[in-house]
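What follows is a set of notes on a single structure, which appears directly below.
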Amino acid sequence: MNITTKIQRLRKEKGWTVARLARETDIPTVSLRVMLSRDDPNNYSIKALQKLADVLGVTVSYLTLEENEVDKPKITEAQRRELIEIFNKTIEDYFDLVKKPSKDQPDFSDNDDFDDDIE
């Protein structure tokens, strides 16, 4: 079962129209209809797949895994590039948050004296 078939089946199980699914995912209805009508079911962006998976209560892996596959879903080159961008941004954001403390904030990261005070 391909991605589109899974999305359509899950949507129908919820009793939702395509318009309702579009509202729930914040994907324009026309865009969602185009995605669901394409012959190539691997033509979804990662962001759209994540939104769809979230509202349908499944994982992106579930949507992308084909019946005979057991571990790695097939993705297009565009999806691979998008994932790399997301990973890189996540790493950059993480390291932006883990900054050295300012002069006003104490740095407890390697304070060996802290354990000596507790008895």
Side-chain angles (χ1 to χ4, degrees):
M1 188 178 330
N2 67 33
I3 296 169
T4 301
T5 305
K6 288 180 184 180
I7 292 168
Q8 293 285 31
R9 183 180 52 81
L10 291 165
R11 175 187 64 78
K12 289 175 184 176
E13 284 176 9
K14 287 186 170 286
W16 290 356
T17 62
V18 174
R20 168 82 187 271
L21 181 59
R23 277 194 311 275
E24 296 290 331
T25 57
D26 199 31
I27 297 172
T29 305
V30 172
S31 298
L32 185 57
R33 285 186 193 282
V34 168
M35 281 187 255
L36 295 174
S37 68
R38 288 185 180 147
D39 289 334
D40 179 8
N42 291 323
N43 209 0
Y44 292 86
S45 72
I46 299 298
K47 290 177 185 178
L49 281 174
Q50 185 64 60
K51 288 178 179 184
L52 288 161
D54 288 347
V55 302
L56 293 170
V58 296
T59 63
V60 171
S61 293
Y62 171 78
L63 292 177
T64 58
L65 207 62
E66 297 199 12
E67 287 180 37
N68 299 332
E69 292 180 316
V70 289
D71 57 354
K72 286 204 260 182
K74 294 177 183 172
I75 62 172
T76 64
E77 184 61 28
Q79 290 168 329
R80 187 185 74 73
R81 283 192 305 273
E82 188 177 354
L83 278 173
I84 289 171
E85 283 179 33
I86 291 168
F87 292 149
N88 287 338
K89 181 167 178 11
T90 301
I91 290 168
E92 288 173 17
D93 290 348
Y94 171 78
F95 285 108
D96 283 346
L97 292 175
V98 183
K99 293 180 180 176
K100 293 276 186 192
S102 68
K103 292 180 182 178
D104 299 333
Q105 296 174 322
D107 180 6
F108 296 111
S109 62
D110 60 344
N111 190 344
D112 292 333
D113 297 332
F114 183 76
D115 291 338
D116 296 339
D117 295 339
I118 301 176
E119 292 185 33

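Hydrogens, waters and symmetry mates play no part in the numbers below; they use all other heavy atoms, side chains included. Only a predicted model underlies this, so the values are computations on that prediction, with no experimental measurement involved.
Residues E13 and R9 are paired through a salt bridge, judged by an N-O separation under 4.0 Å between the basic side chain and the carboxylate. Between R81 and E77, at least one side-chain nitrogen of the basic residue sits less than 4.0 Å from a carboxylate oxygen of the acidic one, meeting the salt-bridge criterion.
Residues V34 and I3 do not share a hydrophobic cluster, clusters being chains of Ile/Leu/Val/Met/Phe/Trp/Tyr side chains in contact below 4.5 Å. Note: the hydrophobic cluster containing I46 also contains F87 (ILVMFWY, side chain heavy atoms under 4.5 Å, direct or indirect links).
The two residues L63 and L49 have their closest heavy-atom pair at CD1-O, 4.0 Å. Between A22 and P28, the shortest heavy-atom contact is CB-C, 4.3 Å. Contact between K51 and D26 at its shortest, heavy atoms only, is NZ-O, 3.7 Å. Nearest heavy atom pair, residue K14 against residue V55, reads CE-O, 3.3 Å.
The structure places CG of D93 at 11.0 Å from CG of N88, a figure rounded to the nearest 0.5 Å. For the atom pair CD1 of I7 and CG of L32, the computed distance is 7.5 Å after rounding to the nearest 0.5 Å. Note that CG of L36 and CZ of R11 are 7.0 Å apart. Values are rounded to the nearest 0.5 Å. To the nearest 0.5 angstrom, E24 atom CD is 9.5 Å from L56 atom CG.
Side chain of Q50 to main chain of V60: no donor-acceptor pair is present (N/O by atom type, distance under 3.5 Å, no hydrogens or angles). The backbone N or O of S45 lies less than 3.5 Å from no partner atom in the side chain of E82, so there is not a single donor-acceptor pair.
Contact annotation: the side chain of L10 never approaches that of W16 to less than 4.5 Å [non-hydrogen atoms, C-beta and beyond]. Between I27 and M35 there is a side-chain heavy-atom pair separated by less than 4.5 Å. Side-chain atoms of Q79 and L83, non-hydrogen and from C-beta on, never get closer than 4.5 Å to each other.
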Point to revise | side chain to side chain contact (heavy atoms under 4.5 Å, CB included) between L21 and L52, intermediate numbers included | key: CA-CA 8 Å; L21 181 59; L52 288 161; 3.8 Å; yes
